[in-house]
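Encoded as structure tokens, the structure appears first; notes follow it.
The basis for the numbers below is simple: all heavy atoms, side chains too, and nothing from hydrogens, waters or symmetry mates. Not measured: the values here are computed from a predicted model.
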Amino acid sequence: QPTNQPTATTKQHHRMTSLPLRRHGEVLVTVNNGHMTITLCQPLGHKIATLERSGSSDLGKTLVRITKKLKLSAEQVHVCPVTLARDAYHIPAETTNVDAFQGGNALVLNDQVLPIRVDAPEVLELSVPKMPMVGHRLVPMVSLARAVEPQACLWQWKRFCRDCPESLELVSTDFAYTPRTTDIGCDLRVSCTPRTAEGEVGITVRATTVRVKPLRKCKGAKTGDMPVVDLSPIPVGVCVPPDHDAMAKRLEHTLSTTTPQGHFRLVSYNLLLDAFCNNEWAIQNLYPYLPPRFASIEYREQRQAKELLDYRLDIACLQEVSRHLWFNFLEAQMDLDGVSGVYGNKHTAQPFGAVIAYRRSKFRMLTSQVVDLTEVWSDYPPTADLGKRFPAFGKRLSQTTTTSLVAFLEDVSSGRVLCVCNVHLYSHPAAPHIRAAQAALVLHNARLVADAAGYPDAAVVLAGDFNAEEHSGACDLLRTGNFDASHPEWAEGACFGYVDHSSQDQRESNWHSVMRSQDTVRAREVFKALDPTRTGMVEAQRVWAALDNSGGGGGGGIEDDTGDTASRRVVTLEDLAPLPQRLPETLCYADFYRLCSQLRRLGIHIFEPALDAIEKQALHDAPLAAADAIAKRTSCSTTSSQNTKFPASIMTAECKFPCADLTNPFALESALLPEAEGDNAHRKLQITYLAGQTPEASTVDHIFFSPATLDLSHVVPGFAEESLREHGGLPSQQFPSDHVAVVVEFGWKQSL
């Protein structure tokens, strides 16, 4: 370390040439594990040059590099060499960088003196969304070191025309900025100057909304034989988002109101992971109506953030949230509105999972936990026993990647505790028994966590994407408290082991050929017609007689109903060659459902007439009993996919498959399903999902609550089906996910 005065040991420190020196900028030095970053700055932190050097190398070599970096002429160097000094004394060239670049020293360049500051505040990373939209708040994604909170740093937002970058116009000095109509067509540049609590500033870093990489384009996305072409141009600069009258009407229930004390608003929303949306297979098979521009996460994340904040939420249960989306975008957006959150990853290497967010003025986080359903099933007696008796069942549970995020929140005004469970159950359509088992695991472990945390009497809200409709076994378990071993979904899930999903290609090819909920209802109806006396078994020959075009008994084969009269023909057993030719003499419901599943994979044009033919066979064999069964199921069902009621439970006692009695340790009600006839004051079924090559509306997102401690005070209305179908299905330019948010309001019941 050089001293202030020359001594016998520092005589090599030569006195500087007497020149008129002036302070102009500074040198900022950061040291990390012996590696040094040396940055020369103008006043206000504007960077001149940056060098990366080893701390152990000689100062002389570094000064030569600075000379070359600044492109100084030989004459300039001759008149006043680039040197490092302390007070009026040069520091020797053989001094190591780490000893030379110390606070109190200075770099001398011609007539300029640049003082050295070590470990100044620093911007490590700065970015801003690349598709700015009017009315959608932009929050810069910034990472700082040795600085105050981002909001307390120095910020500037400037707009400019891309054709004329010099036309910079200051529009804001706030941390966040919401583009206005006057910004349309312009790009935006944000500048951040980090600072410390003492007022020291670091290097100013800038980021712009100018897109560097083009949006992903998909090849040959089709709906039937009609290619989908995205004719909408990619906007340059700030653009105007599409009108959304349906959303504006919905927000009338939330935008102008906040919940009063003792009440809270809860939102459950599957955001649709970018990896599941913005890829070629998804565009072609799940969302063929979606232009790539609106599949971009840069578009969808801004729409979702604005929608969530416009709900004026107090609690949010979010699913399919990428780690990057939460920690680099949504968390900052919500924090500005006084909302914090906790993130939990799924049991997978992929960085995505769920979030429970809460308004800090309403709630305080007590504790949270990620419950790994791929592991805890072995500690729950019913599923542990099934796993021992049916190893394949345990293997399926272990391979699902499903987790549940549980949080305990304390109401800051009353001190009452709320247990919030955020779930996203297994998605495969052929595995309803897995979803029911997972629902039981969520409930069982919520009970364990509540007891262990010391909150056994906490109110309970369970919300999320169940991947199951309102009359599924999983929902029955939550609503009624039981899912017994005779439930048809145990038998229906038994055929899941026969579905080939060993590769991604196979899973994708099977996605549109598995049994839908209405197909399952049909299979149950036909089996009841075949088994009017409820023995639980039917003769296989009766089924083959219906399918064999040479069989008698009134079946007479089945007609391929493609909708084209000219191409109609009789389907023979050759068309059914993929079906097993050796069935047991008698079929239990699991066997029959497996046969139905295989028919369904041959195509809906074969499945539906085949089931009709089997039902005709039942009428021929036992006309009175079968007709009575058909009449009963017809009287309790409708054609609407939103109101389909499953027929009464069917006899499955003779089937050999995993099944067990599952129970719910909590008494819960649905926020959407009426609990009694005429109970429509608040609870109304809503469409929460509408996607696919032929989009079908369904309700797969649910909210359940404990009525003993909570009152359901309001359900924010959903959307009419025609508004969701305006652009083909979900997601769309107006709806940024394939799911629709469910928004409800609760109030605390008065303590007894």
ask   = Which pair of heavy atoms, one from Leu59 and one from Pro92, lies closest together, and at what distance?
value = CD2-O, 3.5 Å
ask   = Should Arg265 and Asp314 count as an ion pair when the cut-off is N to O under 4.0 Å?
value = no
task = Have a look at Leu144 and tell me which of Val205, Leu124, Val123, Leu126 forms a side chain to side chain contact (heavy atoms under 4.5 Å, CB included) with it.
result = Val123
Within-4.5 Å side-chain heavy-atom neighbours: Thr403 and Asn345 = no
Minimum heavy-atom distance Phe276-Ala282, with the two atoms named = O-CB, 3.3 Å
task = Please name the pair of heavy atoms, one in Ala85 and one in Val108, separated by the smallest distance, quoted to 0.1 Å.
result = CB-CG2, 4.4 Å
ask   = Does Arg195 pair with Glu200 as a salt bridge, N-O distance under 4.0 Å?
value = no
message = Just so I know, are the side chains of Cys41 and Thr39 near enough to count as touching, which here means a heavy-atom distance under 4.5 Å?
response = yes
ask   = Of all heavy-atom pairs between Ser167 and Cys161, which one has the smallest distance, and what is that distance?
value = OG-N, 3.4 Å
key: Side chains of Val148 and Cys153 in contact at under 4.5 Å (non-hydrogen atoms)   = yes
inquiry  = Less than 3.5 Å apart, any donor N or O on the side chain of Thr401 or Thr348 sitting next to an acceptor on the other?
reply    = no
key: Flag for Asn97-Thr62: side-chain donor and acceptor within less than 3.5 Å   = yes
message = Between Thr208 and Arg189, is there a side-chain donor-acceptor contact under 3.5 Å, judged purely by atom types and distance?
response = no
ask   = So Phe352 and His324, ring pair (Phe, Tyr, Trp, His ring centres under 6.0 Å) or not? Walk me through it.
value = CA-CA 8 Å; Phe352 80 100; His324 183 272; over 10 Å; no
key: Student check: side-chain heavy atoms of Arg312 and Leu255 closer than 4.5 Å   = yes
message = Quick check: closest heavy atoms across Glu320 and Leu271, and the distance to 0.1 Å?
response = O-CB, 4.0 Å
request  = Please confirm whether Trp155 and Phe175 have ring centers closer than 6.0 angstrom.
outcome  = yes
inquiry  = Looking at Lys346 and Asp372, is there a salt bridge between them, counting it only when a charged N and a carboxylate O are closer than 4.0 Å?
reply    = no
ask   = Side chains of Arg53 and Thr37: donor-acceptor distance under 3.5 Å anywhere?
value = no
query = Counting only heavy atoms not in Glu52, do more than 12 fall under 6.0 Å of its CD?
reply = yes
query = Is any NZ, NE, NH1 or NH2 atom of the basic residue among Glu122 and Arg146 found under 4.0 Å from an Asp or Glu carboxylate oxygen of the other?
reply = yes
key: pair His244-Phe735: side-chain heavy atoms closer than 4.5 Å   = yes
inquiry  = So Arg117 and Val27, do their side chains get closer than 4.5 Å, heavy atoms only?
reply    = no
message = How about CZ on Arg137, more than 12 heavy atoms from neighbouring residues, nucleotides or ligands closer than 6.0 Å, or not?
response = yes
inquiry  = Is the shortest side-chain heavy-atom distance between Leu308 and Val267 below 4.5 Å?
reply    = yes
query = Which pair of non-hydrogen atoms, one from Thr400 and one from Thr374, has the smallest distance, and what is that distance?
reply = OG1-CG2, 3.7 Å
key: Residues Glu298, Lys130: salt bridge by 4.0 Å N-O rule   = no
key: 4.5 Å side-chain heavy-atom contact, Phe101 and Met36   = yes
